[in-house]
Enquirer: 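Below: one structure in structure tokens.
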Number of protein chains: 2
Amino acid sequence: MGDTPDVGEPTLEEQIAAYQREFQGLDPQVEKIVSALSRLNRRMNVAYGRQTAELGISNAEWEVLKALVLSGAPYRMGPSDLAKRLGLTPAAMTHRIDRMVTEGLVTRERDESNRVRVIIELTTDGREKWLEAMRLASVFEEDLLQDLTPAERAVLGEVLTRLLRRVEHAQPDAGGRLSDLE
Amino acid sequence: MGDTPDVGEPTLEEQIAAYQREFQGLDPQVEKIVSALSRLNRRMNVAYGRQTAELGISNAEWEVLKALVLSGAPYRMGPSDLAKRLGLTPAAMTHRIDRMVTEGLVTRERDESNRVRVIIELTTDGREKWLEAMRLASVFEEDLLQDLTPAERAVLGEVLTRLLRRVEHAQPDAGGRLSDLE
DNA sequence: TCTGAAGACTTCGAATCTAAAGTTCGAAGC
DNA sequence: GCTTCGAACTTTAGATTCGAAGTCTTCAGA
């Protein structure tokens with residue numbers, strides 16, 4: 001359980017070695033960074049999923065609560081805005097909202113000034129759930145970064161932000177060769 | 001659709017500010033690192049998805065090809081090993097293999113020495129697809145890290161590996177408070 | 001040999017997502 | 001005023017997944 005989480009999964013080092021063996025001309029350092037990023041994110045999502053499950057909500061529902069809270073008071077958004085924010089189709093958003101309404105996490109009502117629009121609003125209960133989830137998540141995150149020195153944290157934050165900007169601002173056929181991502 | 005998962009998405013800085021506003025007692029630097037990690041990974045997966053789509057395979061199929069290639073020649077694995085490796089249920093693995101067999105990426109045959117077992121083997125075509133996908137992926141990854149100095153790459157790789165180890169070796173009720181992750 | 005247990009895979013049903021078609025409402029033009 | 005177009009949301013059909021039940025094979029013990 002603790003020591004060998006994934007029975008079939010090779011260690012990061014074994015995986016890098018396998019890449020070198022099967023695909024020539026790969027920079028091991030680049031592959032190490034990319035593989036570690038991917039694995040780290042996967043593990044973190046598993047951890048978040050466990051924590052939110054303890055609160056009786058799914059990871060999907062947590063995403064919706066997060067979007068609503070971060071939009072600021074009065075914690076209202078339309079389904080299509082939520083869908084864009086979460087990267088879902090409007091259809092999936094409709095269903096997800098259905099569930100969350102029956103669970104009392106959000107309310108759905110028509111906008112009286114424009115009856116085509118629908119307003120999704122966070123309930124007090126939904127906001128409480130988000131706060132509880134955040135308390136768990138923040139403890140987890142602090143623990144995760146516990147062994148990093150202040151200097152390491154600073155460098156990590158700066159470098160990751162730079163990489164993110166590079167991916168986000170990638171222009172097709174411009175400076176870099178990165179695909180257009182928007 | 002999912003091409004623009006972020007039309008309504010706030011910038012990283014805006015999101016950190018929103019967290020500070022809605023949840024007291026959060027370390028902005030920790031949140032910055034965690035948020036950047038999550039976003040970066042999401043963008044990268046979108047990019048990988050586009051590249052594999054160009055080759056006529058899905059991201060899911062790419063994962064299977066990767067597991068088989070990295071297992072080394074003769075590129076054979078059983079369905080349950082593949083399922084463990086990919087984090088799927090055996091049921092999902094059965095269906096995914098079905099598709100890939102009809103597409104000629106892998107073959108499925110019974111193990112004659114133990115007729116309960118099934119052997120999934122990469123086809124030449126499947127191996128070619130993986131190689132093409134790797135060529136695209138490696139170009140993307142090199143471009144992504146292009147602006148990082150050698151020193152930054154070294155620190156990033158080392159720090160990410162350390163974080164990964166911390167998550168993977170987390171002991172319930174031991175040194176850290178991280179939950180058991182598998 | 002026979003029988004029961006365990007293992008490996010598949011099948012079945014429910015849940016969730018995407019893509020596309022459908023519905024309702026609002027706004028612009030004739 | 002009527003019509004048409006477009007926007008916002010919902011509905012429907014198909015795909016993929018998980019959890020649980022089912023099938024087949026192997027192995028150990030009576």
Side-chain angles (χ1 to χ4, degrees), chain A residues 6-8 42 45-46 49-50 52-53 56-65 67-68 76-103 105-121, chain B residues 1-5 7-8 42 45-46 49-50 52-53 56-65 67-68 71 76-103 105-121 182:
Chain A
D6 275 69
V7 179
R42 189 152 27 100
N45 284 335
V46 170
R50 296 195 173 194
T52 55
I57 63 179
S58 70
N59 228 328
E61 289 167 336
W62 184 39
E63 292 290 329
V64 177
L65 297 181
L68 284 167
R76 294 180 173 187
M77 292 179 76
S80 30
D81 291 333
L82 274 171
K84 281 179 200 157
R85 178 72 189 71
L86 302 183
L88 294 178
T89 60
M93 203 67 242
T94 294
H95 297 315
R96 196 180 282 192
I97 290 168
D98 285 346
R99 288 169 247 148
M100 295 182 70
V101 167
T102 64
E103 291 166 5
L105 298 172
V106 301
T107 59
R108 166 164 30 198
E109 53 183 289
R110 292 226 157 255
D111 183 344
E112 288 308 320
S113 68
N114 184 339
R115 301 186 51 73
V116 176
R117 293 177 189 278
V118 169
I119 300 176
I120 309 304
E121 181 171 334
Chain B
M1 56 79 27
D3 280 9
T4 36
V7 171
R42 189 151 28 101
N45 284 334
V46 170
R50 295 193 174 194
T52 55
I57 62 177
S58 70
N59 228 327
E61 289 167 335
W62 184 39
E63 291 290 328
V64 177
L65 297 180
L68 283 168
S71 76
R76 295 181 172 187
M77 292 180 76
S80 29
D81 290 333
L82 274 171
K84 280 179 201 157
R85 179 71 190 72
L86 302 182
L88 294 178
T89 60
M93 203 66 240
T94 294
H95 296 314
R96 196 180 282 190
I97 290 168
D98 285 346
R99 288 168 246 148
M100 296 182 70
V101 167
T102 64
E103 292 165 6
L105 298 172
V106 301
T107 59
R108 165 165 31 198
E109 54 183 288
R110 292 224 158 259
D111 182 345
E112 287 310 320
S113 69
N114 183 340
R115 301 186 47 73
V116 175
R117 293 176 190 277
V118 169
I119 299 177
I120 308 304
E121 181 171 336
E182 301 259 349

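Just so we're on the same page: letters track the sequence lines, and every chain starts at 1.
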Enquirer: For a 4.5 angstrom cut-off between non-hydrogen side-chain atoms, does Thr52(B) reach Ser58(B)?
Expert: no
Enquirer: Taking side chain to side chain donor-acceptor pair (under 3.5 Å) as the test, write out the residues that go with Asn45(A), two or more places apart.
Expert: none
Enquirer: Can you tell me the distance, in whole Å, between the CH2 atom of Trp62(A) and the P atom of dT16(C)?
Expert: 19 Å
Enquirer: Rounded to whole angstrom units, what separation is found between the CZ atom of Arg96(A) and the C1' atom of dC9(D)?
Expert: 17 Å
Enquirer: Rounding to a whole Å, what distance do you find between Asp98(A):CG and dT10(D):P?
Expert: 7 Å
Enquirer: Name every residue in residues 105-114 of chain B that has at least one heavy atom under 4.0 Å from any atom of DNA chain C, in order of residue number, or write none if there are no such residues.
Expert: Arg108(B)
Enquirer: Calculate the interatomic distance between His95(A) atom NE2 and dT18(C) atom P; express it in whole Å.
Expert: 10 Å
Enquirer: So, using side chain to side chain donor-acceptor pair (under 3.5 Å) as the criterion, who are the partners of Glu103(B) when residues are at least two apart?
Expert: none
Enquirer: Nearest-Å distance, CD1 (Ile120(B)) to C1' (dA8(C))?
Expert: 12 Å
Enquirer: Tell me the interatomic distance from Lys84(B), atom NZ, to dC18(D), atom C1', rounded to whole angstroms.
Expert: 17 Å
Enquirer: Under 4.5 Å between any side-chain heavy atoms of Val106(A) and Glu121(A), yes or no?
Expert: no
Enquirer: Quick one: on DNA chain C, does Met93(A) or Gly78(B) contact a more 5' nucleotide (nearest heavy atom)?
Expert: Gly78(B)
Enquirer: Counting side-chain heavy atoms from CB outward, which of dT12(D), dT10(C), dT17(D) is closest to Ala91(A)?
Expert: dT12(D)
Enquirer: Any idea which heavy atoms bring Leu86(B) and Ala67(B) closest together, and the distance?
Expert: CD2-CB, 4.3 Å
Enquirer: Starting from P on dG6(D), measure out to CZ on Arg117(A) and report it in whole angstrom.
Expert: 17 Å
Enquirer: Among dC18(D), dC25(C), dT10(C), which nucleotide has an atom closest to any side-chain atom of Pro90(B)?
Expert: dT10(C)
Enquirer: Under 4.0 Å, heavy atoms only, any strand: does Pro79(B) hit a base, just the sugar-phosphate, or nothing?
Expert: sugar-phosphate
Enquirer: Would you find a donor on one side and an acceptor on the other, under 3.5 Å apart, between the side chain of Arg115(A) and the backbone of Arg110(A)?
Expert: no
Enquirer: What's the closest nucleotide to the side chain of Thr94(A) if the choices are dC9(C), dT11(D), dT26(D)?
Expert: dT11(D)
Enquirer: Atom CD of Glu63(A) and atom P of dT16(C): how far apart are they, to the nearest Å?
Expert: 16 Å
Enquirer: Quick one: is Arg99(A) getting a side-chain N or O under 4.0 Å of the dC17(C) phosphate, OP1 or OP2?
Expert: yes
Enquirer: Grab the two heavy atoms, one from Leu68(A) and one from Arg76(A), that are nearest each other, plus how far apart they are.
Expert: CD2-C, 4.1 Å
Enquirer: Quick check for you: among dA8(D), dT17(D), dC9(C), whose closest atom lies nearest to any side-chain atom of Val116(A)?
Expert: dA8(D)
